[in-house]
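We count ligands from 1, going down the list as the structure has it; atoms in each ligand are counted the same way.
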Amino acid sequence: MYKENCIFCKIASGEIPSKFIFENDNIVAFNDINPKAPTHILVIPKKHYENLDDIDDIDLMAEMLCAIKEITKKHDIKHYQVVTNNGKGAGQEVFHLHFHIMAQKKID
Ligand code: AMP
């Protein structure tokens with residue numbers, strides 16, 4: 001599912017060119033444009049879901065967590081935060097589900 005005017009749908013589809021840190025059939029990851037930590041990566045499903053409330057695909061959720069583990073392992077990041085802001089009141093600004101990976105260790 002692709003939502004018109006969704007910036008992350010455009011990134012996931014390649015409409016907005018972006019350097020992917022990770023990609024498989026269902027997920028992409030890329031650097032946050034406004035990093036709040038030396039490493040700040042966003043992991044998103046290619047399909048459009050607004051946030052955690054909107055997703056009931058357990059397999060995809062598990063796959064996203066596995067992708068986070070794969071990304072951190074590949075870059076030897078051992079200490080990191082995984083955050084998702086669910087809803088405006090929690091600070092969600094982009095309404096396409098994403099997990100933030102934030103770490104003090106900088107990756108190339
Ligand atoms: P949230 O507040 O949880 O919705 O986080 C949205 C995040 O997306 C913020 O950290 C933004 O800096 C980031 N962001 C917004 N637009 C882009 C973009 N075009 N490329 C990469 N990151 C973006």
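- Considering every non-hydrogen atom in both Asn51 and Gln92, the closest pair reads ND2-OE1, 3.2 Å.
- With side-chain heavy atoms closer than 4.5 Å counting as contact, directly or through intermediates, the hydrophobic cluster containing Phe20 also holds Ile7, Phe8, Ile11, Ile16, Val28, Phe30, Leu42, Ile44, Val94.
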Dump all N/O pairs between ligand 1 and the protein below 3.5 Å as a table: atom names plus distance, one pair per row.
residue  : atom   : partner : partner atom : Å
ligand 1 : 2 (O)  : Gly91   : O            : 2.8
ligand 1 : 2 (O)  : Glu93   : N            : 3.3
ligand 1 : 3 (O)  : Asn85   : ND2          : 2.9
ligand 1 : 3 (O)  : His98   : NE2          : 2.9
ligand 1 : 3 (O)  : His100  : NE2          : 2.8
ligand 1 : 4 (O)  : Glu93   : N            : 2.7
ligand 1 : 4 (O)  : Val94   : N            : 2.9
ligand 1 : 4 (O)  : His98   : NE2          : 3.1
ligand 1 : 5 (O)  : His98   : NE2          : 3.1
ligand 1 : 5 (O)  : His100  : NE2          : 3.4
ligand 1 : 10 (O) : Asp32   : OD1          : 3.3
ligand 1 : 10 (O) : Asp32   : OD2          : 2.5
ligand 1 : 10 (O) : Lys36   : NZ           : 2.8
ligand 1 : 12 (O) : Asp32   : OD1          : 2.5
ligand 1 : 22 (N) : Ile33   : N            : 3.1

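- With sequence neighbours left out, the salt bridge (Lys or Arg N to Asp or Glu O under 4.0 Å) criterion links Lys47 to no other residue.
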Glu93/Lys88 under salt bridge (charged side-chain N to carboxylate O under 4.0 Å, His left out): CA gap, chis, key distance, verdict
CA-CA 7 Å; Glu93 290 173 359; Lys88 215 173 215 166; over 6 Å; no

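- With sequence neighbours excluded, the residues forming a side-chain contact (heavy atoms from CB on, under 4.5 Å) with Lys3 are Cys6, Cys9, His48, Glu50, listed by chain and number.
- Aromatic rings of His96 and His98 (six-membered ring for Trp) have centroids beyond the 6.0 Å cut-off, not under it.
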